[in-house]
Amino acid sequence: MAERNETGFSGIHRYFADFMVSLSNNLSQDEKRYLWLASALVSYFVEKGHICIDLQGLAGTEHPIDEDDRFKSVRCPDLSLWLDALKKADVVGGPQEKRPLILTDNGRLYLNRYWQYERSFIGGIIRKLNLSTDCIDEASLDKILNRLFPNQHEKEEDMQRKAAKNAATKNFLVISGGPGTGKTFTIVKIIALLLELSNNKLSIALAAPTGKAAQRLKAVIKDARDKIDCPDEIKRHIPEDVLTIHRLLGASYRTRRFRFHEDNPLPYDVIIIDEASMIDLPLMSKFLSAIPIKTRLILVGDKDQLSSVEPGAVFGDICEGAEDIDSSIVILKKNYRFTEDSGIGILSELVKQGRGKDALNILKAGRYEDIIWHHIPSPDILPMMIEKSITDRYSRYIKSTDVEEAFRYFDEFHVLCALRHGPYGVIAVNELIEKDLEKKGLIKITGRWYRGKPVMITVNDYSLKLFNGDTGIVFPDRDNKDMLRVYFKTEDGGLRKVVPARIGDYETAYSITVHKSQGSEFNDIIIILPDRSSEILTRELIYTAITRAKRGVEIWGNEDVFIEAVEKRIERQSGIRDALFSIPRNQG
C-alpha cells in the first residue's frame, strides 16, 4: 500500500481504487496494478470535472496529478495491457452491463453513475432532435419576425432573428453568446413569437441555475417586454416568474428527490433555461428526464464561460457540434454593449481567442480607462494594497440604511479571486477585507454574525430552500427589535429573512471565486490572480471573470501566469460530443 500512496492520489481516490482491486481476485499482480491505476484516475478525473477518462489518450504517458498542492505524475501502461486487464476485472463491464466501472468500445472508462447520466442526457437530446414540430404557416411566421426584427436587410445575417425562427420550427434549440450580444432580449422576442403563433395558448416556464441568475433574467425580461413590437395582449402573457432549476423541478428536503421526473413530467409546452453553461451533467440529466418529449426546450448561455464546478461541460459539448446540427444551435456574435473603443470588449475577445500576450499588452498599455493592470504584490504587501484599493469601495454598501439599498450597492463592486486557498484566495482576501473594514470603523464584529456581513451559501439546504451560490446580507430586522437576520433575494425580486443560527455551510462574500460569480454582473470588479501557475487558471476562467463587469475591470496578476492561463483551455473528458453528433438523425 505504501507504494501506491506515493502516486500523489489523495485518500478518497486511493480507497476507491483499493476497493475495486479487492473485488477482482481473478487478476495477476500486474493486472491489479493496472486496474488500481485506472480506478484511481477515473475517480480523480471526476473530481476535476470530467465525466470519464480516455484510456487511449492516457496510455503510455506520464500524467500529472495535482492533489493537495502536491504535483506528481503517474506512469500509465501501454493501451493493450491496460485494456486486457480491465476487461478481465470483475468490476468492469461493457455499456449494457451493471458493473461499478463501464468500459466503452472506444476506450473510455466511466464510473457507472456518470455513464448512466451521460446516456440519459444524450438519449434525451437525440429524441428531441429527431422529433418533428407542428407545421407552421411560413407567411405568418415571416410577418411576425419582420415586425420583431425590423433590420433583416442589413448585410450580415441577423442571428437573433435566426434564433427566433429556429425556436418556432425546432423542438430543441441552443443559443450561445457573450455578454452584450442580446441573449435575454432574444429570449423575450422568442416568447412573444411563440405566443403569437399559438394565439396565447402556450404554457411557458423560465429558469436559471442560481437565484441570482433567475433574479437578473426576471429584471431584464420585465424591462425588455415593453420595448418589443407586439400586441399588448401578447406582452401581458409574457411570463415574469423565473425559477431556479431546483425549484422548477420541485426539490424536496424530505425525500432529497425532485417532484418532477420521468414518471411525473413538467407541465409546460416551452421551457427556457438561461445561464445553461453552469449546469452540470447530473442535474442536466435529471432535468431532461423530467421534460415531456413534445415540450420545446431552449438552452441559453455562453459557451466560452467556465463550465459547472461539478462534473460535465454539457453546454460546451453541445456547442462544439454547431456545424453538425447548425439549425439547432445559434451563436450570437454581434455585441450591443461594448463598443469598438471598449477595453472590456477588446480584452474579453482577445482572451476568448487565447491571445495571452496581446491581451496583456492591451491591459498594460493604459489606452482604455475601463481596464487596468497591476502586478500582484507579495503576500506581505497585499494587505496594504487591499486597504488602499478595495475596502473604501465597500463603504457605501456597509453604510446602507436598509437592506434593499445594501443589495443595490453590493452589486456595484466586487472582488473576484481565482482560488479559494492560499494568500491570494477568497478565504485569505475576505479575512483581510474584513479586518480592514473593522479597523476603519465601518463594521463592528461582535461575534460570528454582524450587521453588513455578506454571505454565500456553499451547500444546498432544501429545508430552507437555499442553494449553493445564493447570496445573503446580515441586517437588523426592523420588525423584530432589530434582531440580526440574513436576508436573501427571492426569484420574484422580493426579500426573505432567515435566523442566522439556521444557516448551515456558507462563506463570507466580500470576495468570491470566479466560479461562484457566474450568473452575476457587477459595475466594477477587481480580479486577483495568484502569483504562480495553477490548473484552475484557464482561458475560460479569465474570460468569465472579465465579463462579469459592465463598467470597469482591474486585474492583479503576474504577467507570465496571466499569459499561460489565457493560452490554456479547459479540456473535459466526456463522450457527449462523439455520441451526440455521430448518430444519424432526422433533420426535418
Side-chain angles (χ1 to χ4, degrees), residues 208 210-216 218-219 242 244 247 386 390-417 426-427 429-513 516-517 519-526 548:
T210 67
K212 191 70 174 283
Q215 294 157 18
R216 193 157 61 85
K218 177 183 173 69
V242 183
T244 61
R247 284 196 64 188
I386 285 177
I390 291 179
T391 49
D392 284 344
R393 300 176 77 168
Y394 281 116
S395 62
R396 280 214 301 176
Y397 156 70
I398 295 296
K399 294 176 180 177
S400 298
T401 57
D402 57 61
V403 70
E404 290 86 357
E405 184 180 59
F407 271 106
R408 286 199 302 274
Y409 288 145
F410 191 67
D411 287 341
E412 287 194 349
F413 166 76
H414 224 74
V415 179
L416 308 183
C417 295
V426 291
I427 296 174
V429 170
N430 272 316
E431 288 179 357
L432 291 173
I433 293 174
E434 203 168 45
K435 286 179 181 177
D436 194 51
L437 287 171
E438 186 177 32
K439 185 175 73 173
K440 293 179 176 179
L442 291 169
I443 61 174
K444 186 177 181 180
I445 302 177
T446 56
R448 184 182 180 190
W449 307 96
Y450 58 84
R451 182 191 186 279
K453 180 175 183 174
V455 299
M456 177 172 281
I457 302 300
T458 57
V459 176
N460 292 343
D461 187 331
Y462 293 95
S463 64
L464 292 177
K465 295 183 180 179
L466 293 175
F467 300 100
N468 188 1
D470 286 352
T471 301
I473 294 175
V474 180
F475 221 81
D477 182 1
R478 292 177 177 173
D479 299 327
N480 191 19
K481 301 179 181 179
D482 282 343
M483 299 289 288
L484 291 179
R485 296 290 181 263
V486 187
Y487 287 82
F488 294 89
K489 277 192 174 182
T490 59
E491 287 98 328
D492 62 3
L495 292 172
R496 67 187 184 98
K497 52 194 174 186
V498 179
V499 176
R502 297 193 65 193
I503 301 292
D505 295 300
Y506 75 92
E507 293 177 348
T508 306
Y510 295 107
S511 168
I512 58 176
T513 62
K516 295 289 189 182
S517 74
S520 300
E521 283 185 344
F522 306 97
N523 287 341
D524 300 287
I525 61 171
I526 288 178
R548 297 310 89 205

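This structure is a prediction, so every number in the text was calculated from the model and none was measured. Residues take their numbers from the sequence shown, with the count starting at 1. Scope of the values below: all heavy atoms of this structure, side chains included, with no hydrogens, waters or symmetry mates.
Heavy atoms of other residues, nucleotides or ligands lying less than 6.0 angstrom from NZ of Lys399 number 12 at most.
From Glu438, atom CD reaches atom NZ of Lys444 across 10.0 Å, with rounding to the nearest 0.5 Å. Rounded to the nearest 0.5 angstrom, Phe488 CZ and Leu466 CG are separated by 4.5 Å. For the atom pair CD (Glu434) and OH (Tyr450), the distance works out to 3.5 Å, reported to the nearest 0.5 Å. In this structure, the separation between CG on Leu442 and CG on Asp436 is 8.5 Å, given to the nearest 0.5 Å. Ile457 CD1 to Leu464 CG: the interatomic distance, rounded to the nearest 0.5 Å, is 8.0 Å. Here the OH atom belonging to Tyr409 is positioned 12.5 Å from the CD1 atom belonging to Ile473, to the nearest 0.5 angstrom.
A donor-acceptor pair under 3.5 Å links the side-chain atoms of Asn430 to the main chain of Ser511, judged by distance alone. Not one N or O on the side chain of Asn480 forms a donor-acceptor pair closer than 3.5 Å with the backbone of Met483. Looking only at distances, no side-chain donor or acceptor of Arg496 sits under 3.5 Å from a matching main-chain atom of Thr490. Side-chain atoms of His414 come within 3.5 Å of backbone N or O of Tyr510 as a donor-acceptor pair. With Arg451 contributing its side chain and Ile398 its backbone, the two residues share a donor-acceptor pair below 3.5 Å. Judged purely by atom type and a 3.5 angstrom limit, Ser517 has no side-chain atom pairing as donor or acceptor with the backbone of Ser520.
Under the 4.5 Å side-chain criterion, counting only non-hydrogen atoms from C-beta, Val455 is not in contact with Ile503. Between Asn468 and Asp505 there is no side-chain heavy-atom pair separated by less than 4.5 Å. In this structure the side chain of Val426 never reaches within 4.5 angstrom of the side chain of Lys516, judged on heavy atoms. Residues Val498 and Arg485 have side chains not in contact (no heavy-atom distance under 4.5 Å, counting atoms from C-beta outward). Taking the side chain as every heavy atom from C-beta outward, Lys453 and Ile443 never approach each other to under 4.5 Å. Side-chain atoms of Lys440 and Thr391, non-hydrogen and from C-beta on, do get closer than 4.5 Å to each other. Two residues are said to be in side-chain contact when any heavy atoms from C-beta on lie closer than 4.5 Å; Val486 and Lys497 fail this criterion.
With sequence neighbours left out, Lys212 forms a salt bridge (charged side-chain N to carboxylate O under 4.0 Å, His left out) with Asp411.
Each of Phe522, Tyr394, Tyr397 was compared with Phe413 under the ring-ring contact (aromatic ring centres under 6.0 Å, His included) criterion, and only Tyr394 meets it.
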